[in-house]
Amino acid sequence: MQENSFISNSKTVIKLIAFLIIVGLVFYKTGLKYKSAGDKNVINAFTQQRYSEFYNQEPNTIDTVFIGSSHSYCTFDPEIIDTILGTNSWQMGTPLQHYDTSYYVLREVLNSQKPKTVVLELYWDVLKDEFEMKQANSFFEVLKNQSLKDEYIKKVFPINEKVKYKLLPIRYQQDYFAYESNEIQNKLEEKYGVHKKATPVVEGTEYYRSKGYTYCDVIMPENEYNETNQFKGYDGENWEFNKVQKNYIEKIIDLCKKEGINLYFVTAPVANVSMEYIENYDIIHNTVADFANKNNIPYIDYNIVNKETGMLTNENFRDDAHLNHSGVQIVDKHFAEWLRNN
């Protein structure tokens, strides 16, 4: 009887091990499939080009660095800035970049470059988040410094996010489902003539150009004036400056002081129509401005500048939150003079 029981238990264990192996293989293959979808994301491709070109620069040749989210790489064109100021600047923004990531971006820059100036773009919708894995992974995909990546995961990632990061299907699920949704829609259109809800035709081009800058001459489509505008119902009274992100900005301040770098804060503009939807923006602006003043960092908010001067129109934006190149030209000329005066 004992022998039969032992054989029965052994078979159960073997079946369990076989099941776990099969599940592991399926999970692994699914992860690779999800990652492949992420590799096809054009925004990720722009980031790869940005950092690949940066890594090919001669050491200690870059004197000005722009760091931040898409609002940074959609606002600051190094070629415009350099023409006016005679600098050699570089755009190091990444999608949705949070300030924990910004700190490590600056750390990586300082491994090969000695910039005199760092311009940190501050976007309030990122300042409120404690952690976001997708934006961290966007940086990891282009970061060549493995020890810095390991330190980031160890010190920044919450424990549960460390586990999720190890699981590729979870790490790349947003890229995968966005890609699959688009593929399914395309097949339905091709086979059955099923079309997406009509949207205005968007004309123009967008491409990675140089020095980290993404060129775009698309004009904001009509549906983003109202129907799909992300800022409808946004109330600054509900906004909070997250302590974790504030802490990493303070780390950036300390690092710049230690390295003798001039640090500047900038908030890029969102579309005029978007600002019309936002209530109590002054609460957000005053909180960020007070933080900058407390730390003696020059700060310019282009939503306030635009409100006071009317320097931009909705036609200067590619969507409800980002400038197109016509807007970039206007803002960058203004910013270069502001930077010169500060």
Among the clusters formed by ILVMFWY side chains lying less than 4.5 Å apart, do [X] and [Y] turn up in the same one?
| X | Y | answer |
| --- | --- | --- |
| I219 | L323 | no |
| L110 | I249 | yes |
| M311 | F76 | yes |
| I297 | Y103 | yes |
| I253 | Y299 | yes |

Ignoring hydrogens and angles, tell me if any N or O in the side chain of [X] forms a donor-acceptor pair with the backbone of [Y] under 3.5 Å.
| X | Y | value |
| --- | --- | --- |
| S274 | V270 | no |
| N137 | M133 | no |
| T267 | L122 | yes |

Check: Taking the six-membered ring for Trp, are Y215 and Y213 parallel (under 30°), tilted (30 to 60°) or perpendicular (over 60°)?
Finding: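 Perpendicular, since the angle between the ring planes exceeds 60°.
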So, [X] versus [Y], ring centres under 6.0 angstrom or not?
| X | Y | value |
| --- | --- | --- |
| Y152 | Y104 | yes |
| F157 | Y165 | yes |
| Y281 | W124 | yes |

Identify every side-chain donor-acceptor pair in residues 284-291 under 3.5 Å, counting partners at least two apart or on other chains, and give the distances.
from, atom 1, to, atom 2, distance (Å)
H285, ND1, D301, OD2, 2.9
N286, ND2, D282, O, 3.0
T287, OG1, I283, O, 2.8

[X] versus [Y]: any side-chain heavy-atom pair under 4.5 Å?
| X | Y | result |
| --- | --- | --- |
| K243 | N247 | no |
| E151 | R107 | yes |
| L96 | Y123 | no |
| L127 | E240 | no |
| L120 | S102 | yes |
| E79 | R209 | yes |
| P95 | F46 | no |

How far apart are the closest heavy atoms of [X] and [Y], and which atoms are they?
| X | Y | result |
| --- | --- | --- |
| F335 | V266 | CE1-CG2, 3.4 Å |
| N145 | S147 | OD1-OG, 2.8 Å |
| K211 | P78 | O-CG, 3.4 Å |
| I81 | D332 | CD1-O, 3.7 Å |
| P269 | L312 | CG-CD1, 3.8 Å |

Note to self: Taking side chain to side chain donor-acceptor pair (under 3.5 Å) as the criterion, tell me which of H322, R318, Q49, R50 meets it with T214.
What the structure shows: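 Looking at H322, R318, Q49, R50, the match for T214 under the side chain to side chain donor-acceptor pair (under 3.5 Å) is R50.
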Item checked: Partner of N272 by side chain to side chain donor-acceptor pair (under 3.5 Å), out of N306, T313, N314, N303 ->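 It is N306; the other options fail the test.
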Next item on the list: Dump the intermediate steps for ring pair (Phe, Tyr, Trp, His ring centres under 6.0 Å) on H334 and Y302, then the final yes or no.
Entry: CA-CA 10 Å; H334 183 281; Y302 274 101; 5.3 Å; yes
Checklist line | Test side chain to side chain donor-acceptor pair (under 3.5 Å) applied to Y208 and E53, step by step | finding: CA-CA 11 Å; Y208 175 80; E53 191 178 356; 2.4 Å; yes
Margin query: Pairing donors with acceptors under 3.5 angstrom, does anything connect the side chains of T101 and Q135?
Written below: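 Q135 and T101 do have a side-chain donor-acceptor pair below 3.5 Å.
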Notebook entry, point to check: In Å, rounded to the nearest 0.5 Å, how long is the span from OH of Y99 to CD1 of I67?
Noted result: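 Spacing of OH (Y99) from CD1 (I67) equals 11.0 Å.
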Item checked: Distance (rounded to the nearest 0.5 Å) between D235 CG and E279 CD ->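 If I round to the nearest 0.5 Å, the distance is 5.0 Å.
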Notebook entry, point to check: More than 12 heavy atoms of other residues, nucleotides or ligands under 6.0 Å from CD of E58: is that the case?
Noted result: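 For E58, atom CD is not crowded (no more than 12 foreign heavy atoms under 6.0 Å).
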Notebook entry, point to check: So with a 6.0 Å cut-off around NZ of K114, is the heavy-atom count from everything else above 12?
Noted result: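 Atom NZ in K114 is not crowded, with 12 or fewer foreign heavy atoms closer than 6.0 Å.
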Notebook entry, point to check: Given the rule in the side chain to side chain donor-acceptor pair (under 3.5 Å) test, do Q230 and D320 qualify, once you have shown the distances and angles that lead to the verdict?
Noted result: CA-CA 7 Å; Q230 63 179 299; D320 57 8; 2.9 Å; yes
